Protein chains: 2
Amino acid sequence: MRPREFDHDDVLRVAFDQFWRKGVRGTSLSDIARDAGVQRGSLYNAFGSKEALFLQAYERYARDYLVALQKALGAGTLRKRLTTFFDLTIANFRSGSPPRGCPTTRGLMELGAAEGEGLDEDARKAFANLVSRITTLVEDTLSAGAERGEFSGNPAAAALHIITVTRGLAVLERAFGDEPQLRKIAAHTIDLVLGKGAR
Amino acid sequence: MRPREFDHDDVLRVAFDQFWRKGVRGTSLSDIARDAGVQRGSLYNAFGSKEALFLQAYERYARDYLVALQKALGAGTLRKRLTTFFDLTIANFRSGSPPRGCPTTRGLMELGAAEGEGLDEDARKAFANLVSRITTLVEDTLSAGAERGEFSGNPAAAALHIITVTRGLAVLERAFGDEPQLRKIAAHTIDLVLGKGAR
DNA sequence: CGGTGTATTTGACACGATGTCAAAAAACGT
DNA sequence: ACGTTTTTTGACATCGTGTCAAATACACCG
């Protein structure tokens, strides 16, 4: 056995950084190889293909992101928690300069099954997975809030609505790059879900 | 002058069909040339580049789509109009087999400015334009509804919220392909915006 | 009716990206 | 020390975008 000359996780981080900034299409394996100080062929040997590399890098990101979200959602009134949730979401889209947008949404649109083939089924599942988990997280938060009398309504329906809005925010971010607009939409959504005058 | 041997509009239709089904990345100019019965070089001569061709094809689509939307939004109660609006939106995403998704959202994510450069500014504007126009359309519908006492609230804020949801639906469609889910979200959104029990 | 100009068509070419493969290199266990 | 095994390395095949110059075909004008 010859040992690997590079750090697996380092490469995933470098790769995801590029994918996030420039998109999957806009990033070549040569770019990543140069940035990571690795030979292009080694990447193929270790990961198989560009898409497979992206998927591993994405899953690494998704894991970390979910943990951060979960942690941030753990304290305060329901309204406070939802505000924190949207703040984190928007901050994620607007991070970097220029802002990098939402990697999940972009990835879904860039890689989601191209033609009838449906070969990117793994990719689609990876994205759908993160969306599902976040939905569940929000639903649990709403259910807990309902038990404390901070919310009356269908937690599942409300959570789905909130997640839909966050996906929409990702798209509007890319279309207009108007952060105050995103914040307004978020605040309005919280008002709608909790009932305008509720506290 | 030598006259062109193909129909400009035919090519735009053939091209957009492919772009919509397979994405911009997944469609090569050779594909379009073959399908349209035109030489690849002629496309470059007539349109300049793949992206420019896509943009012209997209603008053609956007014009038609907006007209159809406007027409469909012209009659009935406010609730009925909003229902029609969401129905059309979802039908658009789900058209084709397999469903083609939302070309605007996909285009935004596929082409939106790659690196710091910002060369795709034209593309971004084209997408943002359609989104803006649809937002205005919904806002006008809400304002009219408000005058008839069918809606009380801020039409601009509500319209922005509705458009955000439609963008989110485009993403969820791609992630889960679950049409009943999309309909549920749409109905729930209408309830939230109009007030749950309102009629 | 034939020549001339002009835009389109056509095919060759350059370039860069993905992905494959076989040969070389480098550790680890025995 | 030696051989096995995996990684590395560089060459290669293929495909897609985009450019260019030569050939072509029509329209217009004399």
Side-chain angles (χ1 to χ4, degrees), chain A residues 1-12 14-58 106-107 110-115 117 119-120 122-123, chain B residues 1-12 14-58 106-107 110-115 117 119-120 122-123:
Chain A
M1 289 256 283
R2 175 177 178 175
R4 208 161 263 164
E5 289 182 6
F6 59 89
D7 185 83
H8 203 265
D9 214 60
D10 277 353
V11 170
L12 288 184
V14 167
F16 192 71
D17 175 65
Q18 301 228 6
F19 284 135
W20 197 357
R21 278 191 291 114
K22 306 186 292 182
V24 176
R25 175 193 195 183
T27 304
S28 76
L29 283 203
S30 306
D31 292 341
I32 294 168
R34 185 173 6 82
D35 239 58
V38 177
Q39 209 74 16
R40 199 171 60 90
S42 296
L43 296 179
Y44 279 100
N45 176 60
F47 300 99
S49 73
K50 181 175 168 175
E51 187 170 317
L53 167 57
F54 171 77
L55 242 61
Q56 282 194 44
Y58 175 77
R106 187 166 183 181
E110 244 187 318
L111 293 185
E115 182 73 324
E117 317 236 338
L119 281 169
D120 312 71
D122 289 344
Chain B
M1 287 257 284
R2 172 178 182 177
R4 205 160 265 163
E5 291 181 6
F6 61 88
D7 185 81
H8 203 265
D9 214 61
D10 277 353
V11 170
L12 288 185
V14 168
F16 192 71
D17 175 65
Q18 301 228 7
F19 284 135
W20 197 356
R21 277 191 292 113
K22 305 186 293 183
V24 177
R25 178 196 192 181
T27 304
S28 76
L29 283 202
S30 308
D31 292 341
I32 294 168
R34 184 171 11 80
D35 240 58
V38 176
Q39 209 74 15
R40 200 170 59 89
S42 296
L43 296 179
Y44 278 100
N45 176 59
F47 300 99
S49 74
K50 180 175 169 177
E51 188 171 317
L53 167 58
F54 171 77
L55 242 61
Q56 283 194 43
Y58 176 76
R106 187 165 182 179
E110 245 186 317
L111 294 184
E115 182 72 325
E117 316 235 338
L119 281 169
D120 311 73
D122 289 342

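Quick caveat, the model's predicted, so the values are computed rather than measured. Order of the sequence lines sets the chain letters (A, B, ...), proteins ahead of strands, with each chain counted from 1.
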Practice task
Please name the pair of heavy atoms, one in A:His8 and one in A:Gln56, separated by the smallest distance, quoted to 0.1 Å.
Solution key: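 Minimum heavy-atom contact is CE1-OE1, 3.3 Å.
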
Problem - Where B:Lys50 and B:Thr27 come nearest, the two heavy atoms and their spacing - result: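 Shortest heavy-atom contact: NZ-O, 2.7 Å.
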
For [X] and [N], give me the distance from atom [atom1] to atom [atom2], rounded to whole Å.
X       : N      : atom1 : atom2 : answer
B:Met1  : D:dC29 : CE    : C1'   : 15 Å
B:Leu29 : D:dC15 : CG    : P     : 16 Å
A:His8  : D:dT6  : NE2   : C1'   : 14 Å

Problem - Side chain to side chain, B:Phe54 and B:Phe16, heavy atoms closer than 4.5 Å - result: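 They are in side-chain contact.
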
Problem - Close side-chain approach of B:Phe47 to B:Leu55, heavy-atom, < 4.5 Å - result: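 In short, these two side chains do not touch, never coming nearer than 4.5 Å.
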
Handout entry: Short side-chain N/O contact from A:Arg4 to OP1 or OP2 of D:dT7, under 4.0 Å
Key =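 Yes.
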
Handout entry: Interatomic distance, A:Leu12 atom CG to A:Asp17 atom CG [nearest 0.5 angstrom]
Key =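 One gets 12.5 Å once the value is rounded to the nearest 0.5 Å.
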
Exercise for the section: Describe the nucleic acid contact of A:Phe47 in one word from base, sugar-phosphate, nothing, applying a heavy-atom distance below 4.0 Å. Expected result: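 Nothing: the residue A:Phe47, judged by heavy atoms under 4.0 Å, touches no strand.
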
Problem - Strand-adjacent residues in residues 30-43 of chain B, judged by heavy atoms under 4.0 Å from DNA chain C - result: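 Correct list: B:Gln39, B:Gly41, B:Ser42.
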
Practice task
Starting from the 5' end of DNA chain D, give me the residue, B:Ser28 or B:Glu5, whose nearest nucleotide shows up first.
Solution key: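 That would be B:Ser28.
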
Handout entry: A:Arg25 backbone acceptor or donor facing A:Glu110 side chain under 3.5 Å
Key =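 Checking the backbone N and O of A:Arg25 against the side chain of A:Glu110, a donor-acceptor pair under 3.5 Å is found.
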
N/O donor-acceptor pairs under 3.5 Å from side chains in residues 31-45 of chain B, not counting sequence neighbours:
{"from": "B:Asp31", "atom 1": "OD1", "to": "B:Ser28", "atom 2": "OG", "distance (Å)": "3.4"}
{"from": "B:Asp31", "atom 1": "OD1", "to": "B:Arg34", "atom 2": "NH2", "distance (Å)": "3.0"}
{"from": "B:Asp31", "atom 1": "OD2", "to": "B:Lys22", "atom 2": "NZ", "distance (Å)": "3.2"}
{"from": "B:Asp31", "atom 1": "OD2", "to": "B:Ser28", "atom 2": "N", "distance (Å)": "3.2"}
{"from": "B:Asp31", "atom 1": "OD2", "to": "B:Ser28", "atom 2": "OG", "distance (Å)": "3.4"}
{"from": "B:Asp35", "atom 1": "OD1", "to": "B:Gln18", "atom 2": "NE2", "distance (Å)": "3.4"}
{"from": "B:Asp35", "atom 1": "OD2", "to": "B:Gln18", "atom 2": "NE2", "distance (Å)": "3.3"}

Exercise for the section: For DNA chain C, note the earliest and the latest nucleotide, 5' to 3', having some atom under 4.0 Å of a heavy atom belonging to chain B. Expected result: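 On DNA chain C, the outermost contacted nucleotides are C:dG5 to C:dG11.
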
